[in-house]
Protein chains: 2
Amino acid sequence: MDRRIRKSREAIIGAFIQLIGEKNFEQITINEIAERANVSRGTVYLHYTDKYDLLDQCIRTHFVQLIDSCLPCGEQALFPTAESLRYTFRYLDDHASFYAAALANQGVPAFRNRLQAVLLRGFDKQVDMSGINRGMEKGILVQFLAVAMTGMIEQLVTRATTYSAAELAEQVWALMERNQMVPQVQPTP
Amino acid sequence: MDRRIRKSREAIIGAFIQLIGEKNFEQITINEIAERANVSRGTVYLHYTDKYDLLDQCIRTHFVQLIDSCLPCGEQALFPTAESLRYTFRYLDDHASFYAAALANQGVPAFRNRLQAVLLRGFDKQVDMSGINRGMEKGILVQFLAVAMTGMIEQLVTRATTYSAAELAEQVWALMERNQMVPQVQPTP
DNA sequence: CTGATTGTGTGCAATACTGAACGGATTCTG
DNA sequence: CAGAATCCGTTCAGTATTGCACACAATCAG
């Protein structure tokens with residue numbers, strides 16, 4: 001891709017994320033975004049039809065990154081590991097400014113639901129791949145986990161917890177094991 | 001000026017100053033500069049004939065800034081004040097990375113001399129404006145001060161002293177008074 | 001209400017940037 | 001030494017960006 005396109009998009013997205021962290025999405029203007037990105041206003045319209053499109057693409061990009069962060073081990077592992085979970089939480093920690101702003105009360109409407117939906121699809125696929133229901137109603141289990149995980153993420157990115165990303169990852173990993181979402185450790189007889 | 005030109009120049013200068021701080025000027029390549037600036041190699045040649053021109057323009061810009069920093073009080077003051085001197089040292093402190101790199105042993109050849117020359121011209125003008133020689137050979141006094149000030153600047157920007165920019169400014173101001181380079185304070189009789 | 005201000009989305013010609021190519025110089029590397 | 005690799009400085013056609021213009025909508029202050 002042309003270097004100019006990359007630079008412009010990065011600048012625009014960066015400015016947008018900054019602004020999201022500073023004020024309500026509705027009162028962000030294209031002028032502000034262009035100014036902050038040090039880019040002509042026309043350039044913004046060249047890449048995005050309006051600020052809703054910009055928001056949408058921004059969210060999509062982050063969700064792709066998030067999903068990607070769940071299996072970074074060269075595709076060799078089909079299931080998350082303690083290691084990959086640490087990596088995911090590390091990613092969330094690094095991008096906390098965006099996720100926190102989007103999740104905030106007056107942040108991006110329905111963002112929490114979209115995040116939850118992404119997590120739900122992830123868990124759903126995971127259960128399908130494992131093949132075993134293990135005595136639980138699948139829909140309930142998956143819903144349960146998606147909601148819980150969304151909450152954990154919110155705690156992390158809004159700095160509402162004193163636990164570090166690594167500590168949180170460790171705790172959540174234990175919960176995943178307890179809920180039989182990952183290959184079980186054999187209890188020593 | 002076209003926004004693209006501003007952005008490109010800033011990126012190139014920024015990359016160049018970074019590199020100056022990392023390695024010998026001679027072994028810096030145009031490729032590196034372009035890469036670091038996230039700019040096409042051709043763009044560098046669009047603004048600078050070669051790296052020597054880039055260096056030259058970079059030095060010129062900094063010297064203009066430096067001179068500018070000496071009288072920031074809206075041109076109302078003809079002579080430096082304790083306040084303006086603090087401002088100047090603050091400026092040097094903020095741009096220490098460049099000045100230190102340029103002054104370094106294997107930094108920019110003859111940079112120290114050019115800096116000294118700038119300071120010399122400044123002091124010379126200052127003595128002329130004051131109109132009074134006060135019993136000193138002007139050339140000697142000015143030379144003396146320019147050399148001394150260059151040394152002070154080097155101390156500051158290379159972090160060779162534990163004194164802060166403000167402390168240094170205060171001390172140097174006292175020396176300026178002692179050498180009758182500024183309007184004298186009346187000794188209380 | 002009215003005029004002023006600010007934002008939106010679109011269109012346009014001018015232009016700065018890009019990437020690729022090239023020949024030639026210099027420097028590694030075996 | 002020979003060949004590979006890197007850098008230089010230039011050219012060029014294609015493209016993204018710019019700044020300005022416009023008409024229109026929304027918001028706001030008097």
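Below, chain A is the first sequence line, B the second, and so on; all start at residue 1. Keep in mind that the numbers below use all heavy atoms, side chains included, and drop hydrogens, waters and symmetry copies.
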Stepwise side-chain contact (heavy atoms from CB on, under 4.5 Å) check, B:E26 with B:K51:
CA-CA 9 Å; B:E26 276 311 326; B:K51 68 175 179 173; 3.8 Å; yes
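Across all strands, B:S40 comes closer than 4.0 Å to base atoms (heavy-atom distances). Across all strands shown, B:I30 has heavy atoms under 4.0 Å from sugar-phosphate atoms exclusively, and none from any base. Counting any heavy atom pair closer than 4.0 Å across all strands shown, B:R3 reaches sugar-phosphate atoms only and no base atom.
Heavy-atom minimum distance, A:I12 versus A:Y48: CG2-CE1, 3.8 Å.
Ring planes of B:Y99 and B:Y91: perpendicular class, angle over 60° (limits at 30 and 60°). Taking the six-membered ring where tryptophan is involved, the planes of A:F25 and A:F16 are perpendicular, since the angle between them exceeds 60° and thus also 30°.
Mapping heavy-atom proximity under 4.0 Å, the span of DNA chain D touched by chain B runs 5' to 3' from D:dC7 to D:dG19. Nucleotides of DNA chain C that come within less than 4.0 Å of any heavy atom of chain A span, from the 5' end to the 3' end, C:dG7 to C:dG19.
Contact annotation: the side chain of B:R60 approaches that of B:D56 to within less than 4.5 Å [non-hydrogen atoms, C-beta and beyond]. Residues A:H47 and A:L54 have side chains not in contact (no heavy-atom distance under 4.5 Å, counting atoms from C-beta outward). Side-chain contact between A:F89 and A:E170: absent, with no pair of heavy atoms (C-beta onward) separated by less than 4.5 Å.
Here the CD atom belonging to A:Q143 is positioned 10.5 Å from the CG atom belonging to A:L141, to the nearest 0.5 angstrom. Interatomic distance, CD1 of B:I59 versus CD of B:Q57, reported as 11.0 Å (0.5 Å rounding).
Rounded to 10°, the angle separating the first-five-pair axis and the last-five-pair axis of the helix from C:dC1-D:dG30 to C:dG30-D:dC1 equals 50°.
For the salt bridge (charged side-chain N to carboxylate O under 4.0 Å, His left out) test, residues two or more places apart in sequence or in another chain that qualify with B:R112 are B:E154.
For the segment residues 6-27 of chain B, the set of residues with a heavy atom within less than 4.0 Å of an atom of DNA chain D comprises B:K7, in numerical order.
Along DNA chain C, the nucleotide nearest to A:M1 and the one nearest to A:D50 differ in position, and the one closer to the 5' end is contacted by A:D50. Between A:N38 and A:R41, the residue anchored nearer the 5' end of DNA chain D, judged by the nucleotide with its closest heavy atom, is A:N38. Residue A:E32 is the one, among B:V39 and A:E32, whose nearest nucleotide of DNA chain C lies closer to the 5' end (criterion: closest heavy atom).
Under a cut-off of 6.0 angstrom, the local environment of NZ in B:K23 is crowded, with over 12 non-hydrogen atoms contributed by other residues, nucleotides or ligands.
Chaining together hydrophobic side chains whose heavy atoms lie under 4.5 Å apart places A:M1 alongside A:I5.
B:T88 contributes a side-chain N or O that, together with a main-chain N or O of B:S69, makes up a donor-acceptor pair within less than 3.5 Å.
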